[in-house]
Amino acid sequence: MAARASLSHGDYTIGWICALPLEMAAAKLMLDSIHPSLPRPPTDQNTYILGNIGDHNIVIACLPSGAYGNVSAATVAMQLLSTFHSIRFGLMVGIGGGVPSSNADIRLGDIVVSQPADTSGGVIQYDLGKALSGGQFQRTGMLNRPPKVLLTALATLQAHHFTEDSRVFEFISDIQAKIKSRTAANFTRPTKGDFLYQTEYDHGVSATCVDCDKSKLTLRPSRDHEEPVIHYGLIASGNQVVKDGKQRDQLAQELGVCCVEMEAAGLMNDFPCLVIRGICDYADSHKNKEWQGYAATVAAAYAKELVLIVPIDQIETTPTARDTLADSVHCFNIPLDLTGVPVIEEFIGRQNELDNLWQYLQPTNSPSRKVAIVHGLGGIGKTQLAIRFARDHKNDFTAIFWLSGKDRDTLLRSLSFASNRLPGQGSESETTNEGVVEQRARYMLRWLALEGNSRWLIIFDNIDQYSPFNSAADRGYDIAEFFPKADHGSILITSRLQTLNELGKSFPVHRLDSHNSIELLLQSSGLSARNTTSKFEINPDLLTLTNRLDGLPLAIVIAGAYMRETGTSIIQYLQYYQEAWSKLQRQSNPGRQYQQGNILQTWMISYREIQRRDPMAADLLLLLACFDNRDIWFELLKNASNSPEVPDWLERAILSELGFRDCVRPLIEFSLIHTEQQKGSYAIHPVVQDWCVHIASTDKSVDSLQLNELALICVGYSVPDRGERDYTRLERRLLPHAIAVRNRQYSADNFSILGGFHGLGNLYSDQGKLNEAEEMYQRALVGYEKALGPDHTSTLDSVHCLGILYSDQGKLKEAEEIYQRALVGYEKALGLDHTSTLNIVNNLGLLYSDQGKLKEAEEMYQRALVGYEKALGLDHTSTLDSVHCLGILYSDQGKLKEAEEMYQRALVGYEKALGPDHTSTLNTVNNLGLLYSDQGKLKEAEEMYQGKLPNNDKVAHLNASTARRAMKKLGRLFK
């Protein structure tokens, strides 16, 4: 066959589709000449044979090997029309199963041509419909008729056959002469007989019918010729092979069909065509492949004869198949269908988020695809935001498809079911056949990739499993695999996973603000119907509850539903929430609005996935929930190393800050915690924190007591010494964590816990929370006395701190008793000159001074000073503190000269040791100013107040009592 000169895509006008390679081979043999191949766009996965029959240029395509059925045929046709824009009509040519009846004496090797009837376009999809009660099945939908140009040619060919023989045998003889004898057998009429068995008789176990009972044959008159008979009638098409005589006869009785096959129904509405089938079997259990080659050949020969009848001038005046589809009302406009989508009665807030999404996703003339990743914590309202967006803009997109993507199989089924809404696909019921589901899903994606179909929106909801590399160890999948290949359209993905941001533009969903939280609670509880919001804006219980739920829509809706259904008031619900959180959640359900379930269920899938991926991260999450939820940082956790029983997982997590960041990464990825970048820390939503506490208390594999103790140790051992830089800021940061860990139950025999209590005591004392400090010191003291005895230095440290606390509270008698006990203990345990002993001595001096016992105070100060000079040196700050205290005492005693000497010595030492701007230096400067004023040395006093004090406009003058209180703080050893 000589090839024509190279043609372009626009020169081809007839599309010829085959299901099997054997059928394609038969079609190729019918071509008068074969043309060179043409390039294909990346979205077209077909392969083609190009050629001509007479003046008609023809494209032959075949279904992928093993991919049969309506969806596969539709996909091939769709891609063919996308590449070859000038196709006018198509032919579906190949083999089929005969349906003999009293109306049609169909034999093997005959030809069946789809011809429209009064109520059918020529092809009936027999498995398209819905099941009714009583086992009945109602078929729905109507497949299109072949185009007029083909029906006209068909009528003409039928007229010819009334007066002259068909040319089918002529064309078969031509190809027999052209091909080698060893391959000619593939297309030759079999010599074996044509047997039709009775309907009730099934085929045996043999591969052929050699062993079948010939007495079960249906008696038919023999034909006096071997030429195929051409039957014009209805063809039944479905996605399953018919291999049952009873089903075949039922189709004949109900539908009056002459043939059954698997592909034509996928073409008729989107690919204007005629179906031509050569009969190779009788659609029963007696199937064999002996007649397939010959049946394919006679069908191809008839197709050639029909093509030659079509006038070339009619081809030129016939609209292209693409234009026909574009003119159809079905084309790319698909109404919004929210079947299976969560119901939201009223959407509150989020207008900025909706506007930002629209600004990005709106269909424009730009050819590029847009992908929006709507991500955030489970229950934060991502799905509700997407639903509202779809409803607001259902008229702005030609089609919106809502797809569930909780796992790959679910997404495939969702795509498959959505394909039913496409033109020509009808309302086919869901199927469990994996191959069919995959085909329909791929068909859906190819439809979205069609040129000109660019104004659609896909919403992939709940994509919480993501594995871009499809690792065997990972349960996730690559959602990008399900993006249409064309670079157009809009995609919106809802997910808890921040890693999906690599696929598109990030749109984080944050908690509702206070106003919208209140409005949502009132609406969901029904209170808004009886009370106005303004009345509740001043209700502290309402504010407390909404603040506790912290703008999490799922928790708010659950609270409102519970109050509405049970008649519970806001204050009662708040009480239940604080006292019986787990029980309350088990009794609560958000209804259809949140399909992921109640609070107890909503984060469990994420938590289990984190457990599977990184058990260390899952354990860390439960530990983080033991702190205050708003500000947690690495150095805080690192102090867990002070525990003698640090779990292996935590020891690895806090080994380095880099390792810690790797450990929290899965928690951030699943949005269970979030970063506070300005603080360099992490935070947990308070409701997630409540959920974590519930998990820790109910999961038998979790040691919740150990987690609480670790948190206490972390906080207690993070309290800084007063001499540390910026210690006040760190203490303020620690205070919320101290409140969080303070009142829990702890082991009585854990020595590190006692150190934690002691640290909390120091923190509360520094913050002026003296009652709380006393409670912590007492808990530490009782523990130390029990574990170590009354005279152990750790016990004495707590005693000492209690003495300072009592002194600050003005309980001077109790303070003196405690100091004396500590002094005796330190002298016995550490010696007279130990710095701990000297600290007590100095503090006793402060106490005596406050009591007016100036002589006793001077004795203590002198003893402390001598001891500090000996143990620490003349210029040590503790030595200078005693010098300063002596200066204050001498001043109070009226010994102004001695006081001036002490102040001057302290000032020189502080300036050298701490600098001129340190508070100790400034206290001394201030006291010198007071002293000079008392001495009448006003010039020197003025120098102290103005010249010696830097930033005089910012530093207030300190009086003597303020200085004394400062010295008490400076005298403390243990923080």
side-chain hydrogen bond (donor to acceptor under 3.5 Å, both in side chains) partners for Asp202, two or more places apart = none
Applying salt bridge (charged side-chain N to carboxylate O under 4.0 Å, His left out), name anything that partners Asp249, two or more places apart in sequence or on another chain.
-> none
Can you sort out the partners of Thr208 under side-chain contact (heavy atoms from CB on, under 4.5 Å), two or more places apart, ordered by chain and number?
-> Ser206, Val210
Determine which pairs satisfy side chain to side chain donor-acceptor pair (under 3.5 Å) with at least one residue from residues 75-87, sequence neighbours left out, and list them in order.
-> Asp44-Thr83
Residue list, salt bridge (charged side-chain N to carboxylate O under 4.0 Å, His left out) with Arg223, at least two apart or on another chain = Asp110
Non-neighbouring partners of Phe84 that pass ring-ring contact (aromatic ring centres under 6.0 Å, His included), sequence neighbours left out | His9, Tyr12, Tyr48
Keeping to residues at least two apart or across chains, list the ring-ring contact (aromatic ring centres under 6.0 Å, His included) pairs with something in residues 225-250.
-> none
Can you name the side-chain contact (heavy atoms from CB on, under 4.5 Å) partners of Pro147, sequence neighbours left out?
-> Phe89, Val149, Leu150, Pro272
Could you list the residues that satisfy salt bridge (charged side-chain N to carboxylate O under 4.0 Å, His left out) with Glu290, not counting sequence neighbours?
-> Lys192
Sequence neighbours excluded, every pair satisfying ring-ring contact (aromatic ring centres under 6.0 Å, His included) that has a member inside residues 184-216 | Tyr197-Tyr201, Tyr197-His286, Tyr201-His286, His203-His286
With Lys287, which residues qualify under salt bridge (charged side-chain N to carboxylate O under 4.0 Å, His left out), at least two apart?
-> Asp281
Show me, pair by pair, the donor-acceptor contacts under 3.5 angstrom made by side chains of residues 94-106, not counting sequence neighbours?
| unit_1 | atom_1 | unit_2 | atom_2 | d |
| --- | --- | --- | --- | --- |
| Ser101 | OG | Asn103 | N | 3.2 |
| Ser101 | OG | Ala104 | N | 3.4 |
| Asp105 | OD1 | Arg107 | NE | 2.9 |
| Asp105 | OD2 | Arg107 | NE | 3.4 |
| Asp105 | OD2 | Arg107 | NH2 | 3.1 |

